[in-house]
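Data block below; observations after.
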Amino acid sequence: MHRRTVPCQYFAPQKIEEALEILSKYGKEIKIIAGGTDLLIQYYDRLYEVNGWLDLKNISEFKKIKINKNQMIIGAMVTHAQLEKSQDIKKYYPVLSQAAADIGSPQIRNRGTIGGNIVNASPAGDLLSPLMAYDAQFRLLSTQEEKIVPAEDFFLGPKKTILKPAQLLTQIILPLPSERTYGSWIKVGKRKALVIATITLVLVVKMTEDNKIVKDVRTCLGSVAPTPIEIKEIKKKMAGKNFDQLDFAELGQMVEDKISPIDDIRGTREYRKDVAKEIMINALEEIGSARRLYK
Ligand SMILES: Cc1cc2nc3c(=O)[nH]c(=O)nc-3n(C[C@H](O)[C@H](O)[C@H](O)COP(=O)(O)OP(=O)(O)OC[C@H]3O[C@@H](n4cnc5c(N)ncnc54)[C@H](O)[C@@H]3O)c2cc1C
């Protein structure tokens, strides 16, 4: 197998501005590296060639989780372990915390980052559907411009996003949810450890003040399409209804009918459709129980 013999350049700036300058100068020739848990495997498989690395590990600003007015700002280099353990993430976005806790092994959670999970854009990326369900926006920066884009506009297909070579993903911005917001995260995979998802489902339900009527809903799934998807028909069906009068079986069936997954080594199309229905019903039951506890 061909191995590179000339040394390639390696940059590890401490400031965002320096990183952006390096990117604008070297553009496509250079590869951004965060935790390296996706990248290095792809590199050793020779899925691409690189002439240099831009390592984000020294940019301390990227490693913070902070609340700014009514938003949570998560730096792109925040690891899965940080997401899993942060009290603020647990409080406001429990589904994101649980999804992070379900990723890989402790080693992967300590190295792998939210930014890497997003930009890698695997249909099985565990954080993608929780981020969509919580209305996340991504802050993209280059030396030329700043763009804030909703998560649902970012993904184009497996490993394809709208990110340009001169752009960095710097922050993930989440609106703080209203008090009566409930969430459920379900990941189905074949093994107990190091599971790559066969299917994931996130249900986030916002209730009215009296905790009876559904105000808003996001139903997002991973591993059933080239990108994470939302089943918008569920929102239409549930909004304005009394939660106790919802027909869970009908809602589960809607999810099954609206997805068109493919067969792959992790599961057949039929299996994924059947499971999608069941986990939607489970998610509704889980939210129903959490709601009753709150009364
Ligand atoms: C054994 C194993 C188990 C795994 N299990 C899971 C799992 O259960 N669930 C799951 O979702 N994933 C899993 N993964 C995949 C991987 O760990 C995650 O996707 C992780 O979040 C990637 O983050 P990273 O920081 O390592 O990204 P990297 O590998 O460093 O980068 C990934 C991609 O994102 C780009 N990138 C990174 N940060 C930025 C940025 N700020 N701006 C622009 N581009 C950027 C890189 O150039 C690269 O293209 C697993 C991987 C391994 C090896």
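Start at 1 and go down the list; that is how both ligands and their atoms are numbered.
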Close-contact set for ligand 1 against [X] heavy atoms, below 4.0 Å:
| X | answer |
| --- | --- |
| G35 | 24 (P), 25 (O), 26 (O), 30 (O) |
| G104 | 5 (N), 6 (C), 7 (C), 8 (O) |
| L163 | 43 (C), 44 (N) |
| G125 | 11 (O) |
| A34 | 25 (O), 30 (O), 37 (C), 38 (N) |
| K187 | 8 (O) |
| A124 | 11 (O) |

If the test is side chain to side chain contact (heavy atoms under 4.5 Å, CB included), which one of L54, D38, D55 qualifies with I33?
D55
Checking side chain to side chain contact (heavy atoms under 4.5 Å, CB included) against I279, which of T200, L201, L284 comes through?
L201
Is [X] near ligand 1, meaning one of its heavy atoms is under 4.0 Å from it?
| X | answer |
| --- | --- |
| G189 | no |
| Q42 | no |
| R109 | no |

If we ignore angles and hydrogens, is there a donor and acceptor under 3.5 Å between the side chains of [X] and [Y]?
| X | Y | value |
| --- | --- | --- |
| D126 | W185 | no |
| Q253 | D257 | yes |
| S142 | Q144 | no |

Is there at least one pair of N or O atoms, one from [X] and one from ligand 1, spaced under 3.5 Å apart?
| X | value |
| --- | --- |
| I103 | no |
| L169 | yes |
| I33 | no |
| I41 | no |
| L127 | no |
| L168 | no |
| Q167 | no |

Under-4.0 Å salt bridge between [X] and [Y]:
| X | Y | value |
| --- | --- | --- |
| K235 | D216 | yes |
| R180 | D210 | no |
| K237 | E250 | yes |
| E152 | K232 | yes |

Ligand 1 versus [X]: contacting region, heavy-atom distance under 4.0 Å:
| X | value |
| --- | --- |
| A76 | side chain |
| L56 | side chain |
| M77 | neither |

When you compare the side chain of I234 with that of M280, does any pair of heavy atoms fall below 4.5 Å?
yes
Counting C-beta onward and ignoring hydrogens, is there a side-chain heavy-atom pair between K258 and I231 closer than 4.5 Å?
yes
Would you say the rings of Y26 and F11 are close, in the sense that their centroids are separated by under 6.0 Å?
yes
Looking at A19, G36, A99, the heavy atom closest to atom 28 (P) of ligand 1 belongs to G36
